[in-house]
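Quantities reported herein were computed from a predicted structural model and do not represent experimental measurements. Both ligands and their constituent atoms are indexed starting at 1 by order of listing.
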Amino acid sequence: MEPKGDNIDRPLHPAGFMTCETGSNEGLPGCGSIDFTVAVVLPAGGSGERTGLLTPKQFCKFLNRPLISYTIQAFERVAWIENIVVVVAKDNLDLMVNIVQQFGHKKVTVVLGGSTRHRSIFKGLQAFQGRGDESPLTKPKVVIIHDAVRPFVEEDFLLKIAVAAREQGASGAIRPLVSTVIATTSEGYLDHSLERVKYRASEMPQGFMYDIIYQAYVQCSEADFEFGTECLHLALQYCGTNAKLIEGPSTLWKVTYKRDLFAAESIIKETLSQAACVVTGVCAESTQLAHALQKRLGALDMQVDIISTLLRSTGKFISKSWNFIHVTVSNSCLEDVQELVRTFEESGHAVLYPVVLILVQLDVSEQSSASERMAMLGAIRDVATEARRRNILLYGILLNHVQGAEKWQEAVENLSQITAALIKERNPALTGQLLWV
Ligand SMILES: Nc1ccn([C@@H]2O[C@H](COP(=O)(O)OP(=O)(O)OP(=O)(O)O)[C@@H](O)[C@H]2O)c(=O)n1
Ligand SMILES: O=P(O)(O)OC[C@@H](O)[C@@H](O)[C@@H](O)CO
């Protein structure tokens, strides 16, 4: 999982940062909910030592996409946020610019960080300061500061933080303490414990009037830069600004330890669409199988639609990030699958989230020959390799049309369990394989 930084021949701004395509709020829906400019600083310049991994946690991949890309997406989909400044260590500068380009992130400026979190945040804030030439970034009225390793943040809470920062000068997310806080003696014994109900954990996002937090950083001490962990404290200490504290959802937690990476992956997978569109073609057996599958997947809380052909209606399902199950009684449908891969490529829709495409061949000839199975496997492998480049995960299933109602019911049950698992897990290792049910 080592980061692979390809050198990007991009001019580094005199202030030491690269600007990718910036978005604008003009005319976007939703920006009417806020009448002042808001920007975001995402400190992502750490090394993630506490995970015990060589790859900094913000660059660890989930479904073939780095964690930081999920965090950036959480902010770029908010129409009233104008600019997103991502602060990274020098060694990860090219990697970060690569990620912005690969996943089509907008409004993003990549900035070089510092040796501590506070130093990195200050570098991020400086991206809004003119440096003698016209800075490409508009200085915001309010700036939101958010650890890049907190990917699960929702627009409604960001709105609360931004409005409170505009009104109070500063605002911050808090959560109830899980463990009691105790003070220890220098010999390592209990000195006293704090009354837990009186304390809260300080989380992110935090919001500030830009001028307040910028001035706080201008005035803060070297000790603050070296050892401090709390931006709200700097606003109080150096600008006399008492932050409004807002209790946030439990999803605001920070990825810190290795266990947090597993939790983050599980949550990301849960957010992906489990819905599927079953494409049957025109033959009766496929349609019958599709309805049986729809009933069983429905029992697994999966939404399933059935269509006879991909023409015209594909866009509706692609726009909703649905997955596809293509049921056929012949191996002629690979052309359809290739057409679907091309449609996804043109829509660019699978860039952010992998889409599952399952090819179910109903073997009505009782028992396909080994050579026929090998031919199908070879064909699927080729198409799957191409599909993977478009972030489409193609799996093949060969379903024997067994005789006898009971055996058939069992086969359909197995098929539904396998298709549900493939869609939920999206395991790239199984793509291009032919499962035999
Ligand atoms: N010099 C630094 C140190 C940290 N951060 C960022 O600040 C956020 C919260 O810090 P933390 O969870 O402590 O990250 P790390 O410092 O990377 O973790 P560790 O202490 O385990 O090395 C992270 O997004 C991290 O990348 C930063 O921008 N610059
Ligand atoms: O201390 P760490 O560098 O692990 O993480 C930073 C956290 O302290 C910080 O995100 C919140 O406490 C809010 O300031």
- Closest non-hydrogen atoms of Phe128 and Thr138, given as atom of the first, atom of the second and distance, are CD2-O, 3.4 Å
- Using a strict 4.0 Å threshold on nitrogen-to-oxygen distance, state whether Lys269 and Glu425 make a salt bridge. yes
- Message: How far is atom 5 (O) of ligand 2 from the closest protein heavy atom, and which atom is that?
- Response: Lys254 CE, 3.1 Å
- Message: Please identify which of these residues, Leu159, Val40, Leu158, Val153, meets the side chain to side chain contact (heavy atoms under 4.5 Å, CB included) condition with Val78.
- Response: Leu158
- Message: At less than 4.0 angstrom from any atom of ligand 1, which residues have a non-hydrogen atom? List them by chain and residue number.
- Response: Pro43, Ala44, Gly45, Gly46, Ser47, Gly48, Glu49, Arg50, Lys57, Gln58, Gly114, Ser115, Thr116, Arg117, Ser120, Asp147, Ala148, Val149, Lys254
- Message: Taking side chain to side chain contact (heavy atoms under 4.5 Å, CB included) as the criterion, tell me which of Leu232, Leu125, Val142 meets it with Phe208.
- Response: Leu232
- Can you list the atoms of ligand 2 that are under 4.0 Å from a heavy atom of Met204? 10 (O)
- Message: Is it the case that the side chain of Gln294 and the backbone of Val304 share a donor-acceptor pair, with hydrogens and angles ignored and the cut-off at 3.5 Å?
- Response: yes
- Message: Closer than 3.5 angstrom, by distance alone: can the side chain of Gln58 be matched with the main-chain N or O of Ala44 as a donor-acceptor pair?
- Response: yes
- Heavy-atom distance to atom 13 (C) of ligand 2: which of Gly172, Ala201, Ser202 wins? Ser202
- Query: Can you list the ligand 2 atoms lying under 4.0 Å from a non-hydrogen atom of Gln206?
  - Reply: 13 (C), 14 (O)
- Can an N or O of Glu203 be found at a distance shorter than 3.5 Å from an N or O of ligand 2? no
- Item | Identity and distance of the protein heavy atom lying nearest atom 10 (O) of ligand 2 | Asp147 OD2, 2.5 Å
- Relative to the ring of Tyr210, is the ring of Tyr214 parallel (under 30°), tilted (30 to 60°) or perpendicular (over 60°)? parallel
- Message: Looking at Val197, is its backbone amide N or carbonyl O close enough to the side chain of Arg200 to form a donor-acceptor pair, meaning the two atoms are under 3.5 Å apart?
- Response: yes
- Who's the nearest protein heavy-atom neighbour of atom 9 (C) of ligand 2, and how far? Arg117 NH2, 3.3 Å
- What's the shortest distance from atom 1 (O) of ligand 2 to any protein heavy atom, and which residue and atom give it? Thr229 CG2, 4.0 Å
- Message: Is the contact between Arg150 and ligand 2 made by the side chain, the backbone, both, or neither, using heavy atoms and a 4.0 Å cut-off?
- Response: side chain
- Query: If you take all heavy atoms of Ala290 and Val278, which pair is closest and at what distance?
  - Reply: CB-CG1, 3.6 Å
- Query: What protein heavy atom sits nearest atom 4 (O) of ligand 2, and how far off is it?
  - Reply: Arg50 NH2, 2.5 Å
- Message: Between Lys61 and Glu265, does any NZ, NE, NH1 or NH2 come within less than 4.0 Å of an OD or OE carboxylate oxygen?
- Response: no
- Message: Check the orientation of Tyr217 and Phe122. Use parallel for under 30°, tilted for 30 to 60°, and perpendicular for over 60°.
- Response: parallel
